[in-house]
Amino acid sequence: QVNLVESGGGLVQAGGSLRLSCAASGLTFSLYAMGWFRQAPGKEREFVAEINWSGSSTDYADSVKGRFTISRNNAKNTVYLQMNSLKPEDTAVYYCAARIRGSDRNKYNYWGQGTQVTVSS
C-alpha cells in the first residue's frame with residue numbers, strides 16, 4: 001500500500017517561509033517522479049512543482065518560480081518544498097503526488113492527504 005504523508009503546513013505572515021515535507025512508503029521511491037500541487041478554496045487543483053527521480057531535473061509553475069524550491073532525499077524517501085517570500089495567494093491545501101518515472105505529468109497516480117498552508121497579509 002502506497003502512502004504519501006505531507007507535513008509542515010501552517011499559518012505564516014506574508015513574506016515568510018515554510019518547508020513542506022512528504023514522506024513516502026510502499027513504493028520504490030527512486031522509481032518515481034514527485035510533484036507538489038495545491039488547491040485553493042473554490043479553485044481547481046494546480047501544479048506547483050515537480051522533480052525527477054534522481055533530483056537532477058525540476059520544473060515549476062510560473063507563479064512560484066524563484067520563490068519555491070523542490071528537492072528530494074531518496075535515502076529518506078522524502079520530497080520537500082521550500083517556500084519563501086510567501087504571498088496570501090499561496091494559501092491552499094498542498095498535496096504531494098507520485099508518478100512512475102518516464103510517465104506524463106498528467107499521470108500522477110498516488111496522492112497524499114494534503115497539508116494546509118495559510119498566508120496572512
Side-chain angles (χ1 to χ4, degrees):
Q1 180 180 353
V2 176
N3 281 305
L4 303 177
V5 180
E6 302 96 335
S7 61
L11 174 65
V12 64
Q13 288 188 330
S17 298
L18 283 174
R19 189 195 196 201
L20 305 183
S21 299
C22 173
S25 61
L27 52 71
T28 304
F29 190 65
S30 61
L31 292 180
Y32 286 80
M34 299 297 295
W36 286 97
F37 294 76
R38 66 186 182 186
Q39 188 167 20
K43 295 187 176 181
E44 293 188 352
R45 186 171 61 195
E46 65 175 359
F47 168 78
V48 175
E50 69 174 5
I51 188 166
N52 73 338
W53 66 276
S54 66
S56 63
S57 177
T58 58
D59 193 20
Y60 297 91
D62 287 343
S63 59
V64 306
K65 278 181 182 176
R67 300 188 299 122
F68 291 11
T69 302
I70 189 171
S71 62
R72 66 189 294 160
N73 185 327
N74 285 354
K76 295 185 177 181
N77 285 7
T78 302
V79 62
Y80 306 97
L81 187 67
Q82 178 67 44
M83 305 186 295
N84 298 329
S85 302
L86 283 161
K87 305 175 181 180
E89 51 264 44
D90 294 318
T91 294
V93 177
Y94 283 72
Y95 299 89
C96 75
R99 61 178 173 85
I100 194 74
R101 69 187 198 190
S103 62
D104 293 336
R105 181 179 293 178
N106 62 352
K107 297 298 186 182
Y108 280 95
N109 53 347
Y110 296 116
W111 294 84
Q113 83 290 347
T115 186
Q116 176 70 47
V117 171
T118 303
V119 184
S120 63
S121 57

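Sequential numbering from 1 along the given sequence is applied to the chain's residues.
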Does the Ser54 side chain pair with the main chain of Ser56, one donor and one acceptor, at a distance under 3.5 Å?
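Checking the backbone N and O of Ser56 against the side chain of Ser54, a donor-acceptor pair under 3.5 Å is found.
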
So, Arg45 side chain and Arg38 main chain: donor-acceptor pair closer than 3.5 Å or not?
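Judged by distance alone, no pair lies under 3.5 Å.
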
For Thr91 and Glu89, does a side-chain donor sit closer than 3.5 Å to a side-chain acceptor?
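Judged by distance alone, the side chains do not pair up.
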
How about Asn84 and Ser17: does a side-chain donor come under 3.5 Å of a side-chain acceptor?
yes

Please walk me through it: do Arg105 and Phe47 pass side chain to side chain contact (heavy atoms under 4.5 Å, CB included)?
CA-CA 9 Å; Arg105 181 179 293 178; Phe47 168 78; 3.5 Å; yes

Measure from the ring center of Phe37 to the ring center of Tyr108 and say whether it is less than 6.0 Å.
yes

Audit row: Val117, Met83, side chain to side chain contact (heavy atoms under 4.5 Å, CB included) steps and yes/no
CA-CA 10 Å; Val117 171; Met83 305 186 295; 3.8 Å; yes

Would you give the length of the straight line joining atom [atom1] of [X] to atom [atom2] of [Y], rounded to the nearest 0.5 angstrom?
X	Y	atom1	atom2	value
Asp90	Thr118	CG	OG1	11.0 Å
Trp36	Glu6	CH2	CD	5.5 Å
Leu81	Tyr60	CG	OH	7.5 Å

Which heavy atom of Leu18 sits nearest to which heavy atom of Leu86, and what is that distance?
N-CD1, 3.8 Å

Does a salt bridge link Asp104 with Arg99, judged by any charged N lying under 4.0 Å from a carboxylate O?
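Arg99 and Asp104: not salt-bridged.
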
Residues Lys65 and Asp62 bridged, charged N to O under 4.0 Å:
yes

Parallel, tilted or perpendicular for Tyr95 and Trp111, by the 30°/60° rule?
perpendicular

Show the numbers, then the answer: is there a side chain to side chain contact (heavy atoms under 4.5 Å, CB included) between Leu11 and Gln116?
CA-CA 8 Å; Leu11 174 65; Gln116 176 70 47; over 6 Å; no

